[in-house]
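Here's the structure, in structure tokens; my notes come after.
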Amino acid sequence: LSRARRSIAVLQFPFRPLERAGLEDLRHPLDSRRRRRNAASRFASYDQFICYSEFVKRNLGTRWGIEASVLYPPVDIPAEPYRGPRRPHVLAVGRFFRSGNNKRHDVLIQAFAKLWEGSGRPHDWHLHLVGGLHAVEGPAHLRHLRRLAIDVPVTFHVDAPFKTLEQLYSQSSMFWH
């Protein structure tokens, strides 16, 4: 709820209504109903909504009826594009954590393993997973992912420097989102 004369809300994640997320507090149903009813008035207190992707924009419109503008995050573009050969690498980038809107690295590893094993285990193809490590959920989740990747050509680049990420983007044959 904004009390400012002019307010702009920046929404980074397509949150869901509590009852659809399965998080409705059954012990305090009046509080839960009151929160849902007040959501519309809270949104009405903002003059504009901004988000960072078309994905979030679509979800905000569908779930909450919010019309948002997309402001893409700034990205440094190299002065000179990479002109060398691409390597037989598959790259996936996303934080290492288990809950919420994660990149499902577990599914990527399992799918890559099936493709790799099904094609006669070509030794040149490699999966590179790059991401920051979530302080709470990250270590246990990363151990789980490493167990899934045993005997599969997967490299984890945890909290990699930007130069490493830039190099992997420029030299990888495929980006898996």
Side-chain angles (χ1 to χ4, degrees), residues 1-2 4 6-24 35-36 38-82 86-87 89-112 115 126-142 144-145 148 154-177:
L1 181 62
S2 174
R6 179 125 173 91
S7 297
I8 299 173
V10 179
L11 304 169
Q12 300 182 48
F13 188 81
F15 55 91
R16 297 186 341 188
L18 293 174
E19 67 277 7
R20 279 197 231 152
L23 301 174
E24 188 168 11
R35 278 194 301 264
R36 285 195 309 275
N38 290 336
S41 63
R42 288 186 184 120
F43 294 147
S45 70
Y46 290 91
D47 300 297
Q48 186 177 1
F49 295 91
I50 295 174
C51 59
Y52 295 135
S53 71
E54 289 293 333
F55 171 77
V56 175
K57 178 181 177 174
R58 261 191 325 276
N59 278 277
L60 292 173
T62 302
R63 292 179 177 161
W64 291 101
I66 294 173
E67 289 186 37
S69 301
V70 177
L71 174 65
Y72 295 100
V75 176
D76 286 335
I77 298 173
E80 284 295 315
Y82 177 75
R86 298 282 181 171
R87 295 185 176 162
H89 293 169
V90 177
L91 174 64
V93 179
R95 292 178 298 150
F96 297 107
F97 69 105
R98 187 180 310 267
S99 64
N101 191 23
N102 72 53
K103 294 291 184 178
R104 294 304 311 260
H105 294 106
D106 54 340
V107 174
L108 291 175
I109 292 167
Q110 291 166 343
F112 182 80
L115 290 170
H126 203 94
L127 175 61
H128 290 270
L129 300 176
V130 183
L133 189 64
H134 187 276
V136 177
E137 299 177 8
H141 186 57
L142 187 59
H144 168 70
L145 295 173
L148 289 175
V154 177
T155 300
F156 293 88
H157 303 269
V158 180
D159 296 326
F162 181 72
K163 193 72 178 162
T164 300
L165 180 61
E166 193 175 47
Q167 200 171 27
L168 286 166
Y169 267 124
S170 66
Q171 295 176 2
S172 296
S173 297
M174 297 168 57
F175 178 73
W176 198 335
H177 181 66

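One-based numbering along the sequence shown. The structure presented is a predicted model; accordingly, all values stated were derived computationally and were not measured.
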So which heavy atom on [X] is nearest to which on [Y], and how close?
X    : Y    : answer
V158 : F96  : CG2-CE1, 4.0 Å
L133 : P139 : CD1-N, 3.9 Å
Y46  : I8   : CD2-C, 4.1 Å
V56  : C51  : CG1-CB, 3.6 Å
A111 : W176 : CB-CH2, 3.7 Å
F156 : L142 : CD2-CD1, 3.7 Å

About how many Å separate [atom2] of [Y] and [atom1] of [X], when rounded to the nearest 0.5 Å?
X    : Y    : atom1 : atom2 : answer
R86  : Q171 : CZ    : CD    : 8.5 Å
T164 : H128 : OG1   : NE2   : 11.0 Å
L108 : L91  : CG    : CG    : 10.5 Å
H89  : L127 : NE2   : CG    : 10.0 Å
Q48  : R6   : CD    : CZ    : 6.0 Å
E137 : N102 : CD    : CG    : 8.5 Å

Donor-acceptor contact below 3.5 Å, side chain [X] vs main chain [Y]:
X    : Y    : answer
R87  : S172 : no
D47  : S7   : yes
S170 : Q167 : yes

Is there a side-chain contact between H105 and F97 (heavy atoms, below 4.5 Å)?
-> no
Check whether any side-chain heavy atom of V154 lies under 4.5 Å from a side-chain heavy atom of L148, and answer yes or no.
-> no
Of all pairs that satisfy salt bridge (charged side-chain N to carboxylate O under 4.0 Å, His left out), the ones with a partner from residues 89-110, not counting sequence neighbours | R104-D106
For the residue pair F43 and F49, categorise the inter-ring angle as parallel (less than 30°), tilted (30 to 60°) or perpendicular (more than 60°).
-> perpendicular
Can you check side-chain contact (heavy atoms from CB on, under 4.5 Å) on V10 and L71, steps first, answer last?
-> CA-CA 9 Å; V10 179; L71 174 65; over 6 Å; no
